[in-house]
Amino acid sequence: MERKLAAILCADVYGYSRLMGEDEEATLRTLTSHRKLIDSQIESHHGRFVNSAGDSVLAEFAAWSRRLTAQSISRRDSRRETTPPSAE
């Protein structure tokens, strides 16, 4: 069995069930836009997307420092947009 050292990022949306109950369409639009940001950060920091279910994402990073950088960028990006995108 081959072993390797990796950092794992597991994240989900705080209050997702409540948000879905309040406005499902807006919540899904917001989730989609935030997932694009998170997925691009995972890739730009040499992470590997492992899985996603509903509002959660699981990623693997070969180096601890890369995971920390991706996590801080994801938090910063998600805080920029505090309201759901308007319907077009």
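Bear in mind the structure is a predicted one, so any value in this text is a computation, not a measurement. Along the sequence shown, the residues carry numbers beginning at 1.
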Test Thr32 against every option in Arg29, His34, Lys36, Arg35 by the side-chain contact (heavy atoms from CB on, under 4.5 Å) rule and name the one that passes. Lys36
One should read off an interatomic distance between Asp12 CG and Leu58 CG, to the nearest 0.5 angstrom, of 11.5 Å
Atom CZ in Phe61, atom CD1 in Ile42: separation rounded to 0.5 Å? 5.0 Å
Arg18: which residues meet the salt bridge (Lys or Arg N to Asp or Glu O under 4.0 Å) condition with it, sequence neighbours left out? Glu22
If you round to the nearest 0.5 Å, how far is CZ of Phe49 from CD1 of Ile38? 10.5 Å
Transitive ILVMFWY cluster of Met20 at side-chain heavy atoms under 4.5 Å: who else is in it? Val13, Tyr16, Leu19, Leu28, Leu31
Test: salt bridge (Lys or Arg N to Asp or Glu O under 4.0 Å). Region: residues 48-59. Which pairs qualify, not counting sequence neighbours? Arg48-Glu60
